[in-house]
S.K.: 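This structure is in structure tokens; I'll ask about it shortly.
Values below: all heavy atoms of this structure, side chains included; hydrogens, waters and symmetry mates excluded. Within every chain, numbering begins at 1; the chains are lettered A, B, ... in the order of the sequence lines, protein sequences first and strands thereafter.
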Protein chains: 2
Amino acid sequence: MTTAPTFRPLWRQIRDLIVRELESGAWKPGEAIPPEPELAARYRVSQGTARRAVDALADENLVVRRQGKGTFVATHTEERVSVPRFLRIRRDDGVDEYPGSRLIDVRRSKAGVEASRHLGLRAGEGVIVLRRVLDLAGAPAVLDEITLPGTLFRGLTKDRVEAYRGSMYGLFETGFGVRMLKARETLKAIAADPASAALLAVEPGTPLIAVERVTTTYGERPVELRRGLCATARCHYLNDLG
Amino acid sequence: MTTAPTFRPLWRQIRDLIVRELESGAWKPGEAIPPEPELAARYRVSQGTARRAVDALADENLVVRRQGKGTFVATHTEERVSVPRFLRIRRDDGVDEYPGSRLIDVRRSKAGVEASRHLGLRAGEGVIVLRRVLDLAGAPAVLDEITLPGTLFRGLTKDRVEAYRGSMYGLFETGFGVRMLKARETLKAIAADPASAALLAVEPGTPLIAVERVTTTYGERPVELRRGLCATARCHYLNDLG
DNA sequence: CAGTGGTCTAGACCACATC
DNA sequence: ATGTGGTCTAGACCACTGG
């Protein structure tokens, strides 16, 4: 039995209030949030305390500070410059490459046991399943199957995905107002089945890394289930332990 | 070409000075560092600035703050309570278990191309190679091959490892004064060779996750090369993306 | 109780970006 | 020149630990 927190610092309360504003969409991804003096005035605290709250948000990657310019709501739409934040697959030769994406299909269906469990849906609720192949160094690297709650991604079609220029999470954010904040990945090694092998251009039975990702938005609410099969002949999964 | 940093905040400089103290062993792992007022006096700064420096160290996991008690040098010797900080392998059933370890052998040899590259040694320098199996849920889960620079781990023997009660990094820290601070892991999927398969109690050819870890101490200096083969039938590799 | 880290404030000044 | 975030200070007070 854990006792409820008996004390919440002021900066923590301010942080929570700002998160609620972010959640409600008061300031959109990429936009600036109010400057520190204004936040301090609004919440009736010293600038130091407002600053502490914003610091916490920056540590959580919810906002990005830019000296001299302001503090901006974090976004997935400006990741084209480097490698997407959530992509752990890298080329063995060390070259930083934004992976190419080929969409296979977009289907509507009912949530199975696994999907409903991970996404917190009732069995049989509508989901959208999207499949694609990521290319790295000119060869297929990852076969992705992305499962989304139908209610959140109503107008999502193959055309819409193909028309969008940028990362998947950029589309989710700008097109559907769903912000991907954290993810938890679970990795296993499996043998390639014939169908997947064909799409990845490897022999059936080739060892692959199976990545299961559950992505969450505000309040740890799960909004994406992603299963990726990674062929690691010329690339690898990278992880830094701090 | 990157320009040299033109400005270093005071708190950053203090942080660096404290790191040097830590590196020199002025305070040993598990011990308390001087309280904030004392640090402030020693470095002739305000307590707020000293605090900022210690905050940075805490963020880097070099020290651990404990309210009311003090600030302590981080250690790997107190990880028995939970799961070791650098271990990403978890049981599928969610049970938190401290893995059992069976040592296979400890050999002295010469650094090969890979080892010398990753550990920054000259080819042919002496290394110690240690092999073991980690058990999870009563079954072999990971086959580890740990390569260490001979000069740093002079008295390391099979007996010494078996006599030590605690994690490998706990032994390195208390027995050899080498503190493991960060690590970078590179994962690939491979098929089990017959020898490894036997030790992991799986069929030859079974897909495994091959984890290559390079662990570093102060100044990003590499001090361990570890190759692990993970059988993921009843466990998985877990990674949180923030 | 004294000593530790944790919070909050008010104010001065610095570094950076923009006009 | 102005406005933004970033640094530093001095001091008051709170929360937690242990004698």
Side-chain angles (χ1 to χ4, degrees), chain A residues 2-19 21-22 27-28 30-75 78 81, chain B residues 2-19 21-22 26-27 30-75 78 81:
Chain A
T2 49
T3 46
T6 177
F7 171 73
R8 280 175 80 222
L10 234 194
W11 66 263
R12 227 305 182 176
Q13 302 175 40
I14 308 299
R15 187 220 83 121
D16 293 348
L17 289 174
I18 298 176
V19 167
E21 292 288 308
L22 288 168
W27 315 299
K28 302 220 176 330
E31 288 181 7
I33 71 172
E36 287 169 11
E38 192 177 323
L39 290 174
R42 171 182 311 194
Y43 297 113
R44 314 291 185 84
V45 296
S46 75
Q47 185 172 338
T49 300
R51 182 172 178 72
R52 191 97 145 71
V54 175
D55 278 342
L57 296 174
D59 287 345
E60 299 170 71
N61 293 312
L62 291 184
V63 301
V64 176
R65 289 177 164 295
R66 276 194 264 246
Q67 185 171 77
K69 302 215 276 197
T71 300
F72 302 81
V73 182
T75 175
E78 291 167 1
V81 280
Chain B
T2 50
T3 47
T6 177
F7 171 73
R8 297 217 8 262
L10 233 195
W11 65 265
R12 229 302 184 180
Q13 301 176 40
I14 308 299
R15 187 220 84 120
D16 292 348
L17 289 174
I18 298 177
V19 167
E21 292 287 307
L22 287 168
W27 314 299
E31 288 181 6
I33 72 172
E36 287 169 10
E38 192 179 320
L39 289 174
R42 173 184 309 194
Y43 296 114
R44 314 292 184 84
V45 296
S46 76
Q47 184 172 339
T49 300
R51 181 172 179 72
R52 191 98 148 71
V54 175
D55 278 342
L57 296 174
D59 287 345
E60 300 171 70
N61 292 313
L62 291 184
V63 300
V64 177
R65 288 177 166 293
R66 276 193 265 246
Q67 185 172 70
K69 303 214 275 195
T71 300
F72 301 81
V73 181
T75 175
E78 291 167 1
V81 280

S.K.: Given that Thr49(A) and Gln67(A) both sit by DNA chain C, which one's nearest nucleotide is further toward the 5' end?
M.R.: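 This one resolves to Thr49(A).
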S.K.: Measure CZ/Phe7(B) against P/dG5(D) and give the value in whole Å, please.
M.R.: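 Distance, rounded to whole Å: 17 Å.
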S.K.: Between Arg65(A) and Glu36(A), does any side-chain N to carboxylate O distance fall below 4.0 Å?
M.R.: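 Looking at Arg65(A) and Glu36(A), the cut-off is met.
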S.K.: With sugar-phosphate meaning primed atoms plus P, OP1 and OP2, does Arg51(B) contact a base, only sugar-phosphate, or nothing at under 4.0 Å between heavy atoms?
M.R.: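 If one applies the 4.0 Å heavy-atom cut-off, Arg51(B) turns out to touch a base.
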S.K.: Select from Gly48(A) and Pro37(B) the residue whose nearest nucleotide in DNA chain C is closer to the 5' end of that strand.
M.R.: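 Its nearest nucleotide lies further toward 5', so the answer is Pro37(B).
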S.K.: With heavy-atom distances below 4.5 Å as the criterion, would you say the side chains of Ile18(B) and Trp27(B) are in contact?
M.R.: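 Side-chain contact under 4.5 Å: yes.
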S.K.: Tell me the closest heavy-atom pair linking Ala56(A) and Trp11(A), and the distance in Å.
M.R.: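 Where Ala56(A) meets Trp11(A) most closely, the heavy atoms are CB-CZ3, 3.9 Å.
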S.K.: Under the side-chain hydrogen bond (donor to acceptor under 3.5 Å, both in side chains) rule, what pairs show up with a residue in residues 37-46 of chain A, not counting sequence neighbours?
M.R.: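 Qualifying pairs, neighbours excluded: Ser46(A)-Thr49(A).
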S.K.: Check whether any side-chain heavy atom of Val19(A) lies under 4.5 Å from a side-chain heavy atom of Leu62(A), and answer yes or no.
M.R.: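 SC-SC contact between Val19(A) and Leu62(A) confirmed.
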S.K.: Select base, sugar-phosphate, or nothing to describe what Val54(A) touches, counting heavy atoms under 4.0 Å on all strands.
M.R.: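 Val54(A): no heavy atom of the nucleic acid under 4.0 Å.
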S.K.: Compare all side-chain heavy atoms of Thr71(B) with those of Arg66(B) and state whether any distance is below 4.5 angstrom.
M.R.: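 Heavy-atom side-chain distance check fails, nothing below 4.5 Å.
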S.K.: Give the first and the last nucleotide of DNA chain C, reading 5' to 3', that has any atom under 4.0 Å from a heavy atom of chain B.
M.R.: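 From 5' to 3', the first and last contacting nucleotides are dG3(C) to dA15(C).
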S.K.: Within the structure provided, determine whether Ile33(A) and Leu39(A) are in side-chain contact (heavy-atom separation under 4.5 Å).
M.R.: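 Yes, at least one pair of side-chain atoms sits under 4.5 Å.
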S.K.: Would you sketch DNA chain D in dot-bracket for me? Only Watson-Crick or G-U wobble pairs with both distances under 3.5 Å count, crossing pairs as [ ], other-strand pairs as |, the rest as dots.
M.R.: ||||||||||||||||||.
S.K.: Do the non-hydrogen side-chain atoms of Glu60(A) and Arg15(A) ever get within less than 4.5 Å of each other?
M.R.: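 In short, these two side chains touch, coming nearer than 4.5 Å.
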